Structure formats: C-alpha cells, structure tokens
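What you see is a predicted model; the values in this text were computed from it and never measured. So you know, we letter chains A, B, ... as the sequences are listed, proteins then strands, and number each from 1.
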Amino acid sequence: MADIPPGGFVAPKGIPEYVGPDFVAVRDTLVREADRAGYAHLELPVFEDTALYARGVGESTDVVSKEMYSFADRGGRSVTLRPEGTAGVVRSVIEHGMDRGTLPVKLRYAGPFFRYERPQAGRYRQLQQVGVEAIGVDDPALDAEVLAVADAGFRALGLTGYRLELTSLGDAETRPEYRATLQRFLEKCDLDEATRERARINPLRVLDDKRPEVRDQLADAPLMVDHLSDAAAAHHAKVKQYLDELGVAYTENPRMVRGLDYYTKTTFEFVHDGLGSQSGIGGGGRYDGLMAELGGQALSGVGFGIGVDRTLLACRAEGLDVAPARRVEVFGVPLGEAAKDHLVGLVGQLRRAGIRADLAYGGRGLKGAMKAADRSGARYALVLGDRDLEAGTIQLKDLGDGSQTEVALADAAAAVDRAVHG
RNA sequence: GUGGGUGUAGCUCAGUUGGCAGAGCACUGGGUUGUGAUCCCAGGUGUCGCGGGUUCAAGUCCCGUCACUCACCCCA
C-alpha cells in the first residue's frame with residue numbers, strides 16, 4: 001500500500017482550495033449577469049482531444065507549446081486538460097449543429113481550467129473561469145453586449161478599482177500586412193536574443209514589453225489600430241459607440257496583446273491594480289476564423305473569460321464582503337437529551353419551510369451551545385430545556401439585542417418564520 | 001523555464017553571543033447544567049519543513065534537499 005508522505009497529503013502544487021462561501025458567491029454573481037443577458041449554460045468536458053487546442057488556440061502560443069497538461073489515456077489517445085474555454089465551446093457548437101438554428105448561439109460556462117505554469121500570486125495551475133461566447137453573428141453590438149455583461153458582473157460584486165482596456169487587432173485581410181510592417185520595424189531595433197525570437201514568432205507581443213529600454217525604442221512603432229481595414233475600423237468605432245450607450249467605461253490600449261492566436265478585431269482586457277503582478281481579471285475578444293479552423297461554418301464569434309480566482313482577490317483587495325456572514329438564520333440550543341430530541345425535529349421542520357437552521361450537536365453545555373449559536377451568524381436562537389418541555393413552551397432569543405420571548409412549542413415554527421421574514 | 005525571499009502550535013509570529021520550546025489569536029472546559037458576542041480561571045497540541053555535518057550542547061552555525069511565496073516570463 002502507498003505510504004502517507006512526510007508532512008501528510010497536500011493538494012497538488014499551485015492549486016487553491018476555497019473553504020468559505022466567498023468563491024461561490026463571486027462565481028455565481030458573474031454567472032448571474034450572463035444569465036440575465038440570455039446566455040444558456042453549457043457543461044463542457046474537462047479534457048479534450050489535444051489537437052483541438054493545438055489547432056484552436058495555436059501551436060505558437062505559450063499556452064499550447066509549454067503549459068498544457070497533456071497525457072495519453074488508456075486507449076493511447078492524446079488528451080489535454082482544458083487550458084481555456086473557447087475552443088471547447090466552438091467544438092461543441094459545431095458537433096451538435098447549434099449553428100444551424102437561430103443565431104447568435106449564446107452560451108456561458110464556469111469551472112476549472114488547467115495550465116502548467118510556475119505558481120505565483122493570482123496564477124494557479126488549476127484556475128477558475130466564468131466565460132460567455134456569442135457565436136454566428138458579426139455585429140459590433142454583440143461585442144459591446146459581451147463587455148457589458150462582464151462589466152455588470154464586476155459591478156454587481158461592488159468592484160470599482162478596475163478598468164477596461166480595449167483595442168482592435170484587425171481582420172484577416174489586413175493583419176498579415178501590418179505584422180510584416182511591424183517586423184520590419186523591430187528588425188531595426190536593438191533587442192536581446194529572446195525578444196528577437198518573440199518578434200519572429202509573435203511580433204505583436206513585443207509591443208507590451210515592460211522594460212523601459214525596450215519601451216523607449218518602441219515609442220513610435222507602427223500600431224494595428226492605425227492599419228485597420230475600413231471594415232475593421234468601422235466595426236471598432238461602432239463597438240465604442242455601443243459601449244457609450246451601455247454606459248461601459250473603457251480606455252484604448254493599442255499595445256494590448258492576447259496570448260491566444262484566434263482573436264481578431266475587438267480585443268479587450270479587464271485590469272485591476274490591487275493584485276500585484278497578475279493584474280488581468282478578465283479578457284477576451286472576437287474570433288473570426290476559429291469556427292472554420294475547427295471544421296465548422298465560417299462564422300464569427302465573440303466572448304470573454306473572467307478569472308474567478310483573481311476577481312475574488314480583487315474583491316478582497318477592495319475590502320468587499322462578497323458573501324453573507326449568516327450561515328443560518330436560526331440555531332437550536334438544547335438543554336438535555338429530551339430537548340435535543342424535540343429540536344432535531346423542529347430544525348428539520350424549519351428547513352422544509354425554507355429557513356436555514358442548525359443546532360448544537362454533541363451534547364454541549366449551555367454556554368458552549370450559545371457560543372456556537374453566536375458563531376453561526378444566526379439572528380435567533382431557540383433555547384429548549386426540561387422546564388419548557390413541561391410547560392409546552394420554547395424560548396426564542398434575538399441574538400442581536402438579547403431580548404427573549406416565550407412561545408408555545410406547537411407554534412415555534414410559525415413564530416420563527418414571522419421573526420425571520422417579518 | 002530563470003531569479004529573490006521565507007519555512008517554529010490550527011492561524012499570525014517572537015526566540016539574544018549556540019544553553020529547559022514561547023506569546024497573541026483561535027479552540028475546549030469551568031467561573032454561571034437556563035443564556036452568546038465582554039470579563040476571569042484552567043487546558044492542550046510541536047518529527048522547530050526534511051536529511052546530513054560541526055559541537056558537551058543546534059530552532060540558532062555549515063552543506064544538501066523539499067515545500068511555500070514573490071517577481072521575470074506568460075495569462076484568467
């Protein structure tokens with residue numbers, strides 16, 4: 001039999017665990033805004049054919065070339081734990097013919113994704129995302145809707161210290177030409193070997209280099225937004241107009257880069273300054289070629305992925321309470337076995353009536369049970385002892401102001417209901 | 001993949017020139033078998049990350065190793 005490792009079992013490297021209610025509160029708040037805009041839930045597989053990501057995300061990306069959890073299953077097939085959501089959504093849309101119905105197809109997903117990276121603040125090997133995709137209609141109003149859904153999610157959580165950075169990466173007709181122009185510019189710059197290699201593989205990525213000596217050289221580098229086709233420029237202008245109408249604030253960042261190859265036209269990132277090095281709490285954009293690349297119709301799509309882990313960190317950085325402190329509304333405090341027997345039933349009755357309730361288990365003393373009631377966050381305690389049982393009553397105590405009222409045991413559930421909802 | 005920092009109680013940490021392993025918080029019980037959040041008293045846990053070395057003696061010094069963490073890179 002396998003041994004227990006020294007120091008005990010621990011979760012795999014770089015994987016956060018969330019014990020309190022905060023994580024679920026953040027995730028569900030983000031999902032709720034997608035639901036409100038009509039995005040339907042899609043439950044995706046956690047692993048897919050490795051080729052799906054190689055084709056969809058792009059062989060030259062870091063995500064595919066060095067961060068994937070890939071392995072051979074028992075049948076010898078190469079599979080990969082999903083590093084992102086869009087490729088899987090598009091595959092599902094094509095496989096199930098969803099693009100044959102009413103367009104756009106609007107879907108949302110939530111769950112864990114996996115990237116083999118060195119962990120640090122806000123960067124995990126198992127990361128949690130909420131995402132949406134709107135596929136099949138190339139309408140700038142949809143780009144704006146997607147952005148508004150993400151923005152509404154952040155606002156619903158109470159976040160204020162973030163900004164939306166926006167740009168356009170152009171379309172398939174003009175991007176290759178711009179790319180060549182940028183590469184010619186970069187060849188004339190004084191760059192180290194690693195950066196030259198980057199300029200060869202993905203020249204756009206050099207544009208957002210953080211080093212001052214590189215930035216200085218790139219001050220008048222050619223930018224994509226100045227080389228857009230008429231159609232792409234018109235699309236970009238329309239997106240900004242709709243954002244204004246939706247009341248979504250943004251700043252233009254023409255040097256923004258995405259690490260996934262499929263983005264075209266609208267590209268964006270939500271940035272929060274309270275997180276340290278990993279400041280992106282969400283990102284996404286439009287992808288014109290992905291459907292066709294994965295064997296479907298030549299349809300465009302647009303979507304985002306929000307990092308739930310980082311959004312939670314952002315909430316904490318802003319000191320926000322994202323989850324209610326109240327675990328339950330009512331807490332039962334039994335004095336003795338007979339009282340406990342009654343309270344077990346009463347608590348069950350309260351729960352069936354939709355009231356969150358708990359009680360002190362394990363035969364704790366009165367003081368300990370009251371303490372547990374306090375810690376539970378309950379507004380009310382139900383105190384029951386032999387004296388009450390004989391009299392057919394129960395004590396309903398308001399833990400906020402300390403007042404206590406005696407009610408008939410038979411009316412206890414109704415009295416609690418009035419107290420909680422009144 | 002590259003570089004820095006840190007590993008002592010459940011948590012946050014202190015521990016002097018090497019000399020008995022500590023505090024606060026939290027938890028449990030009691031003061032008060034009929035009242036919590038305040039107060040008082042009591043209680044307990046440690047392979048000092050792990051392995052080796054130096055020494056009469058190592059939490060402390062040396063070597064190795066692992067883990068965590070921050071940053072580069074990359075991205076959510």
Side-chain angles (χ1 to χ4, degrees), chain A residues 5-8 10-16 19 26-27 30 57 61-67 82-86 110-131 150 194-195 197-198 202 205 208-211 256-260 269-272 275-284 304-314 331 333-337 339 360 362-389 393-404 406:
Chain A
V10 294
K13 187 182 179 72
I15 299 185
V19 296
V26 169
R27 184 193 64 195
L30 296 170
V57 179
T61 63
D62 280 15
V63 168
V64 169
S65 66
K66 46 192 188 193
E67 296 174 3
R82 57 185 186 184
E84 58 99 52
T86 303
F113 295 84
F114 306 86
R115 294 182 199 173
Y116 192 88
E117 297 183 90
R118 192 85 173 263
Q120 69 182 76
R123 186 168 79 184
Y124 308 110
R125 290 186 172 182
Q126 175 174 309
L127 55 116
Q128 298 281 346
Q129 286 192 3
V130 168
T195 310
E197 180 67 8
R198 206 175 306 150
N202 190 345
R205 208 177 287 175
D208 75 340
D209 199 301
K210 289 172 185 166
R211 293 168 296 184
M256 183 171 47
V257 178
R258 301 270 78 205
L260 312 174
E269 187 168 338
F270 287 87
V271 180
H272 195 285
L275 299 189
S277 173
Q278 306 300 320
S279 58
I281 55 176
F304 68 66
I306 292 175
V308 181
D309 311 272
R310 288 184 188 176
T311 302
L312 175 56
L313 290 174
F331 200 93
V333 176
L335 282 76
E337 277 299 308
R364 306 176 62 152
L366 174 60
K367 187 189 178 85
M370 284 302 295
K371 204 172 212 176
D374 189 51
R375 299 291 147 81
S376 76
R379 274 196 290 177
Y380 299 98
L382 279 169
V383 182
L384 185 65
D386 293 338
R387 222 158 67 196
D388 302 292
L389 284 172
T393 58
I394 190 167
Q395 309 299 324
L396 178 60
K397 175 160 182 164
D398 185 321
L399 291 169
D401 61 20
S403 67
Q404 184 164 300
E406 186 173 277

Which is more 5' along RNA chain B, the nucleotide nearest A:Asp388 or the one nearest A:Gly400? Just name the residue. A:Asp388

Report the nucleotide, chosen from B:G36, B:C75, B:U35, that has the shortest atom-to-atom distance to any side-chain atom of A:Gln278. B:C75

I'd like to know if A:Gln395 reaches the base of B:U35 with its side chain such that a donor and an acceptor end up less than 3.5 angstrom apart. no

Tell me what A:Arg118 touches on the nucleic acid: a base, only sugar-phosphate, or nothing, going by heavy atoms under 4.0 Å. base

Drop me the distance from A:Gln278's CD to A:Tyr124's OH, to the nearest 0.5 angstrom. 10.0 Å

Write down the distance separating the P atoms in B:G51 and B:U47, rounded off to the nearest Å. 11 Å

Distances under 3.5 Å between protein N/O atoms and the N/O atoms of nucleotides 7-11 of chain B, please, pair by pair.
none

From A:Glu406 CD over to A:Leu396 CG, what is the distance, rounded to the nearest 0.5 angstrom? 11.0 Å

Tell me the interatomic distance from A:Leu260, atom CG, to B:C75, atom C1', rounded to whole angstroms. 8 Å

side-chain hydrogen bond (donor to acceptor under 3.5 Å, both in side chains) evaluation trace for A:Arg27 with A:Gln128: CA-CA 9 Å; A:Arg27 184 193 64 195; A:Gln128 298 281 346; 5.7 Å; no

With side-chain contact (heavy atoms from CB on, under 4.5 Å) as the test, would you mind laying out the steps for A:Ser403 and A:Lys397 before giving the verdict? CA-CA 6 Å; A:Ser403 67; A:Lys397 175 160 182 164; over 6 Å; no

Considering only the C1' atoms, how many Å lie between B:U38 and B:U32, rounded to the nearest integer? 15 Å

Of the candidates B:G1, B:C73, B:U35, the side chain of A:Gln120 sits closest to B:C73

Interatomic distance at P, B:C50 relative to B:G31, whole Å: 41 Å

Touch class at under 4.0 angstrom, heavy-atom based, for A:Lys397 against every strand present: base

At under 4.0 Å between heavy atoms, what does A:Gly276 touch on the DNA or RNA strands: base, sugar-phosphate, or nothing? sugar-phosphate

In whole Å, measure the gap between the P atoms of B:C63 and B:U45 for me. 35 Å

Can you tell me how far apart CZ (A:Arg258) and CE (A:Met256) are? Round to the nearest 0.5 Å. 6.5 Å

Choose from B:A37, B:C72, B:G34 the nucleotide whose nearest atom is closest to any side-chain atom of A:Arg387. B:G34

Heavy atoms only, 4.0 Å cut-off, all strands: where does A:Glu67 land among base, sugar-phosphate and nothing? sugar-phosphate

Over all strands shown, is A:Gly385 touching base, sugar-phosphate only, or nothing at heavy-atom distances under 4.0 angstrom? base

Which nucleotides of RNA chain B pair, in dot-bracket form (Watson-Crick or G-U under 3.5 Å, | meaning another strand): (((((((..((((.....[..)))).(((((.......))))).....(((((..]....))))))))))))....

Let's see if you can work this out: which of B:G36, B:C68, B:C74 has an atom nearest to the side-chain heavy atoms of A:Leu399? B:G36

Whole-angstrom distance between B:C75 and B:G1, as gauged at atom C1': 16 Å

When rounded to whole Å, the CG to P distance for the pair A:Asp209 and B:C73 reads 7 Å

So, is A:Ser277 near the phosphate of B:C70, with a side-chain N or O under 4.0 Å from OP1 or OP2? no

Would you check if the side chain of A:Ser279 reaches a backbone N or O of A:Leu275 as a donor-acceptor pair within less than 3.5 Å? no

Base, sugar-phosphate, or nothing for A:Arg115, non-hydrogen atoms under 4.0 angstrom? base

In a check of side-chain contact (heavy atoms from CB on, under 4.5 Å) between A:Asp62 and each of A:Arg115, A:Glu67, A:Glu117, which one passes? A:Glu67

Inter-nucleotide C1' distance (B:A9, B:G43), Å rounded: 14 Å

Using a heavy-atom cut-off of under 4.0 Å over every strand shown, decide if A:Phe270 touches base, sugar-phosphate, or nothing. nothing

Polar side-chain contact A:Glu117-B:A76 base: donor and acceptor under 3.5 Å: yes

Rounded to whole angstrom units, what separation is found between the CG atom of A:Leu384 and the C1' atom of B:U35? 13 Å

B:G44 versus B:G30 - spacing of their C1' atoms, nearest Å: 15 Å

Carboxylate-amine/guanidinium proximity below 4.0 Å for A:Arg123 and A:Asp309: no

Within the modelled atom types, does a donor on one side and an acceptor on the other bring the side chain of A:Arg310 and the base of B:C75 under 3.5 Å apart? yes

Given the C1' atoms of B:C72 and B:U65, what is the spacing between them in whole Å? 25 Å

Where do A:Leu335 and A:Leu384 land on the side-chain contact (heavy atoms from CB on, under 4.5 Å) test, with the steps shown first? CA-CA 6 Å; A:Leu335 282 76; A:Leu384 185 65; over 6 Å; no

Does A:Gly402 reach a base, just sugar-phosphate, or nothing at all? Heavy atoms under 4.0 Å. base

The test is side-chain hydrogen bond (donor to acceptor under 3.5 Å, both in side chains); show your working for A:Gln404 and A:Asp398 and say whether it passes. CA-CA 6 Å; A:Gln404 184 164 300; A:Asp398 185 321; over 6 Å; no

Establish, for the pair A:Arg125 and A:Phe114, whether the NZ or CZ atom is under 6.0 angstrom from the six-membered ring centre and no further than 45 degrees off its axis. no

Specify the separation, in whole Å, of atom CD of A:Glu197 and atom P of B:C73. 17 Å

At 4.0 Å (heavy atoms only), tell me whether A:Ala373 reaches a base, stays on the sugar-phosphate, or touches nothing. nothing

Please report the distance, rounded to the nearest Å, between OH in A:Tyr380 and C1' in B:A37. 17 Å

Scan A:Ile281 against the nucleic acid and name what it touches under 4.0 Å (heavy atoms): base, sugar-phosphate only, or nothing. sugar-phosphate

Where the side chain of A:Gln129 is concerned, which of B:G31, B:G34, B:A76 is the nearest nucleotide? B:A76

Let me know the distance between CZ of A:Phe114 and C1' of B:A76, rounded to the nearest Å. 14 Å

Please determine whether any donor N or O and acceptor N or O are separated by less than 3.5 Å between the side chain of A:Arg123 and the base of B:C74. yes

Find out whether A:Arg387 and A:Leu389 are in side-chain contact, i.e. whether some heavy atom of one side chain is under 4.5 Å from a heavy atom of the other. no

Separation of atom CZ in A:Phe331 from atom C1' in B:A37, rounded to whole Å: 14 Å

A:Lys367 side chain near B:U28 phosphate (N/O to OP1/OP2, under 4.0 Å): no

Considering every strand and a 4.0 Å limit on heavy-atom distances, what is the contact class for A:Arg211: base, sugar-phosphate, or nothing? nothing

Looking at the side chain of A:Lys210, which of B:G36, B:C68, B:C74 is the nearest nucleotide? B:C74

side-chain contact (heavy atoms from CB on, under 4.5 Å) between A:Val333 and A:Leu366, intermediate numbers included: CA-CA 7 Å; A:Val333 176; A:Leu366 174 60; 3.8 Å; yes

Closest listed nucleotide, where the reference is the side chain of A:Asp374 and the choices are B:G34, B:U69, B:A37: B:A37

